[in-house]
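Reading through the structure tokens given below for one structure.
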2 protein chains.
Amino acid sequence: MALGWQDVQAEALRRIRSREWAPGEQIPNEADLARELGCARATVNRALRALAEAGWLERRRRAGTRVAPAPLRRAQVAIPLIRKEIENRGQTASHAVIDRNRPPLPPPIRAALGLPATAPVERVRTLYLADGRPFACEDRWVHLAAVPDFADAPLDRIDPNEWLVRNAPFDHGTLDYCAAPATAEDARHLSCETGAAIMVLTRTTFGPAAPVTHVRLAYAPGYHLRLEI
Amino acid sequence: MALGWQDVQAEALRRIRSREWAPGEQIPNEADLARELGCARATVNRALRALAEAGWLERRRRAGTRVAPAPLRRAQVAIPLIRKEIENRGQTASHAVIDRNRPPLPPPIRAALGLPATAPVERVRTLYLADGRPFACEDRWVHLAAVPDFADAPLDRIDPNEWLVRNAPFDHGTLDYCAAPATAEDARHLSCETGAAIMVLTRTTFGPAAPVTHVRLAYAPGYHLRLEI
DNA sequence: GTTTCCGTTATGTATAGACATAAAAGGAAC
DNA sequence: GTTCCTTTTATGTCTATACATAACGGAAAC
């Protein structure tokens, strides 16, 4: 057997790193490379496509393939369940619903979800605990028209985050992390001082047809968001 | 005939979302699906592989393909140049080197890089400005054995971040975002108050053979890390 | 000179067929 | 029952071929 696509990928990466193929420069076309390396064009294609997805190459039909000028690397961040996130740290996860009701939709939340003021929404505030100590507190608004069953979700047994992940798969959404001072309410729930620097995640998710949920998640001090690249 | 892998992917995704294929459940094998949909197995393979990479499916040889029980979605975060990050906000980027020298390597940095105390390193502290206002301040340690040319980098013209991205392509690394109170030094450079909640990024990158750089980047208050999912 | 059109070219993708490989399942030896 | 081995099976991958598609570049029409 000849080379596998991973071998081709490794060889291409070697040439990129050794500057044999310099940044911005066009590399040989797939057919030539296949001939040179002694494999099928499909194999070269698989390798180069993977490198393009990883940000090392830029490919355009007819224009050929060139080395990315400033290799813009992408990091992947897995968005796990909060429960898993706690368990991955070797701690025991639990949660407590603080309150659950249907207040009028405040304009900022309304805007984020793109809903009319009359849309049926439920608000749930939840405290997540790791080994019994506060880990994060969540203020979540759920669009009931998109997930009618949420009204009956047994949130004492399964946390809102996990219930929604399991029962309302979504299309797309946005995450926004920022550092902020803990509000008085955050501080009360997280047992920290008002104004302490905490990580706040704001997430809005949309289903195929309608917005699903908007959530503000305030992590207790000391939270780290780790990415691999 | 006309069925492309994207069509197959869309159909599979429809079945996952409609719960025709329920979470945790095993789906038909590639050969059967290909026969059912009227395309080649390779086409089905391409579609299902893409869905697995996106986190919708879990595949194992011989064991078949099943719908991910709790679709663990991954978000991609592009790690742009700081300069680009500023320019993408429609502002003008500039930078100023605060100091550049070769102090002894402090143990925490040494541990992060995995280097002996005698390793040749250069420390550069840089302030990044957006429209002339402080955007972030950087404390960077560069392993000169891995990037000897760094000693001659004209950091008045090109910022350290960009110089390294362009001249020292790396293999892998870790990013760590956390919310922290601004130190007195952060506060002085960023024109904010000591103790203000700021986002701190700690990044360590490694080349094929040796560690390259360790950097602590403190963003001015108000910084947001946005991800699309 | 400008616009339109068309051929060339590199990548994108589909296909059938083949073999490789991991892992589960079942059977044989003990 | 436990261990080891063999079969079976679904995914992983390579190959050769073919056609699709985007885009560059030049020729033709005006």
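Note that this is a predicted model, so its numbers are computed, not measured. Quick note: numbers below take in every heavy atom, side chains included, and nothing from hydrogens, waters or symmetry partners. The chains referred to below are lettered A, B, ... by the order of the sequence lines, with proteins before strands, and numbering in each begins at 1.
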May I have the distance from D7(A) (atom CG) to dG12(D) (atom P), rounded to whole angstrom? 18 Å

Integer-rounded Å distance: dT11(C) C1' and L33(A) CG: 13 Å

Determine the contact category for R41(B): base if any of its heavy atoms lies under 4.0 Å from a base atom, sugar-phosphate if only primed atoms, P, OP1 or OP2 are that close, otherwise nothing. base

Return no unless some side-chain N or O of T43(A) is found under 4.0 Å from OP1 or OP2 of dT13(D). no

Classify the angle between the aromatic ring planes of H172(A) and F206(A) as parallel (below 30°), tilted (30 to 60°) or perpendicular (above 60°). parallel

If you only use heavy atoms from C-beta on, which nucleotide in dT13(D), dA16(D), dT11(C) is closest to the side chain of A42(A)? dA16(D)

Taken to the nearest whole Å, CG/L57(B) to P/dA10(D) is 16 Å

Of the nucleotides dT11(D), dT8(D), dT15(D), which one has an atom closest to the side chain of R62(B)? dT8(D)

Rounding to a whole Å, what distance do you find between E58(B):CD and dA23(C):P? 14 Å

The side chain of N45(B) is closest to which nucleotide in this list: dT11(D), dT13(C), dT21(D)? dT11(D)

R46(B) CZ to dT15(C) C1', in whole Å, measures 15 Å

Identified salt bridge (Lys or Arg N to Asp or Glu O under 4.0 Å) partner of D139(A) from the options R216(A), R123(A), R125(A): R123(A)

Is the closest side-chain donor-acceptor distance between Y223(A) and E85(A) under 3.5 Å? yes

Quick one: R49(B) CZ to dT13(D) C1', roughly how many Å, whole number? 9 Å

If I take atom CD in residue E30(B) and atom C1' in nucleotide dA16(C), what distance separates them, rounded to the nearest angstrom? 15 Å

Regarding E162(A) and R83(A), does a basic nitrogen lie under 4.0 Å from an acidic carboxylate oxygen? yes

Using a heavy-atom cut-off of under 4.0 Å over every strand shown, decide if A63(A) touches base, sugar-phosphate, or nothing. nothing

Nearest to side-chain heavy atoms of R61(B), which nucleotide of dG12(D), dA16(C), dC24(D): dG12(D)

Could you state the interatomic distance from CD (E25(A)) to CZ (R19(A)), rounded to the nearest 0.5 Å? 11.0 Å

Nearest whole angstrom, please: distance from the P of dA10(C) to the CD of Q26(A). 8 Å

Under 4.0 Å from OP1 or OP2 of dT11(D): is there any side-chain N or O of T65(B) that close? yes

R59(B) side chain near dG12(D) phosphate (N/O to OP1/OP2, under 4.0 Å): yes

Counting side-chain heavy atoms from CB outward, which of dA10(D), dG12(C), dA14(C) is closest to N29(B)? dA10(D)

